[in-house]
Amino acid sequence: MIADGHGKALGFALAPGQAHELPLAPAMLDSLPAVPLWVVADKGYASDAFREHIWDMGARPAIPAKRRDAPVACPKWAYRCRHLVENLWARLKEWRAVATRYEKTATSFLAVIHIAAAVDWVKC
């Protein structure tokens, strides 16, 4: 998921259950209408190639290094904004169909997520 600085959803991509989302992330960033100042992500996205992609697009990464990797510059004040995405997921999971994934197909599940995100945009 990509969220803006106010914690509102901008886009979704669905990965297979056994796969990581990192391969989908560069394409999602490229689909943004404008280049963000910061790209904030958790340690699961700590990849030199992904950080390099963020720098190449003109943004700054705020992704802490994994324990086994060499430390990288990650400003704590920027990384604290990550809670906005976690709060967004919490609001979306208030929808039972999102939280439990009742939908059998990926297309149906993605449609439910889009509906929940649209309602979240309208609420605030």
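Numbers here simply count residues along the sequence, with the first being 1. Everything numeric here is computed off the predicted structure, so don't read it as measured data. Only this structure's heavy atoms are used, side chains among them; waters, hydrogens and symmetry mates stay out.
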Heavy-atom closest pair, residues [X] and [Y]:
X     : Y     : value
Ala59 : Val35 : N-CG1, 4.0 Å
Leu22 : Ser47 : CD2-CB, 3.8 Å
Ala41 : Pro64 : O-CD, 3.6 Å
Tyr45 : Ala25 : CE2-CB, 4.2 Å
Lys43 : Ala65 : CE-O, 3.7 Å
Pro36 : Val39 : CG-CG2, 3.9 Å

Determine whether Val119 and Leu92 fall in the same hydrophobic cluster, where Ile, Leu, Val, Met, Phe, Trp and Tyr are linked whenever their side-chain heavy atoms lie under 4.5 Å apart. yes
Using side-chain heavy atoms (C-beta onward) and a distance below 4.5 Å, is [X] in contact with [Y]?
X     : Y     : result
Ile63 : Ile54 : yes
Trp38 : Cys81 : no
Asp42 : Tyr79 : yes

What pairs with [X] under salt bridge (charged side-chain N to carboxylate O under 4.0 Å, His left out), at least two apart in sequence or on another chain?
X     : value
Asp4  : none
Glu21 : none
Asp48 : Arg51

Enumerate donor-acceptor pairs with a distance under 3.5 Å from any side-chain N or O in residues 95-111 to protein atoms, sequence neighbours excluded.
residue: Arg96; atom: NE; partner: Tyr102; partner atom: OH; Å: 3.1
residue: Arg96; atom: NH2; partner: Tyr102; partner atom: OH; Å: 3.2
residue: Thr100; atom: OG1; partner: Arg96; partner atom: O; Å: 2.7
residue: Thr105; atom: OG1; partner: Ser108; partner atom: N; Å: 3.2
residue: Thr105; atom: OG1; partner: Ser108; partner atom: OG; Å: 2.8

Over 12 foreign heavy atoms within 6.0 Å of NZ, Lys93: no
Hey, is CG on Leu37 packed in by over 12 heavy atoms from elsewhere, all under 6.0 Å?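 Not buried by this count: 12 neighbours or fewer within 6.0 Å.
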List the residues meeting side-chain contact (heavy atoms from CB on, under 4.5 Å) with Ser31, not counting sequence neighbours, and say none if there are none. none
Contacts of Trp55 that satisfy side-chain contact (heavy atoms from CB on, under 4.5 Å) - sequence neighbours left out: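 side-chain contact (heavy atoms from CB on, under 4.5 Å) check on Trp55 returns Arg60, Pro61.
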Indicate the ring-plane relationship of His114 and Phe12, choosing parallel, tilted or perpendicular according to the 30° and 60° boundaries.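 Ring orientation, 0 to 90° scale: perpendicular.
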Between [atom1] of [X] and [atom2] of [Y], what distance do you get to the nearest 0.5 Å?
X      : Y      : atom1 : atom2 : result
Leu14  : Met1   : CG    : CE    : 11.5 Å
Glu86  : Leu88  : CD    : CG    : 9.5 Å
His6   : Leu84  : NE2   : CG    : 9.5 Å
Lys8   : Arg91  : NZ    : CZ    : 5.0 Å
Leu29  : Met57  : CG    : CE    : 5.0 Å
Asp120 : Ile113 : CG    : CD1   : 12.5 Å

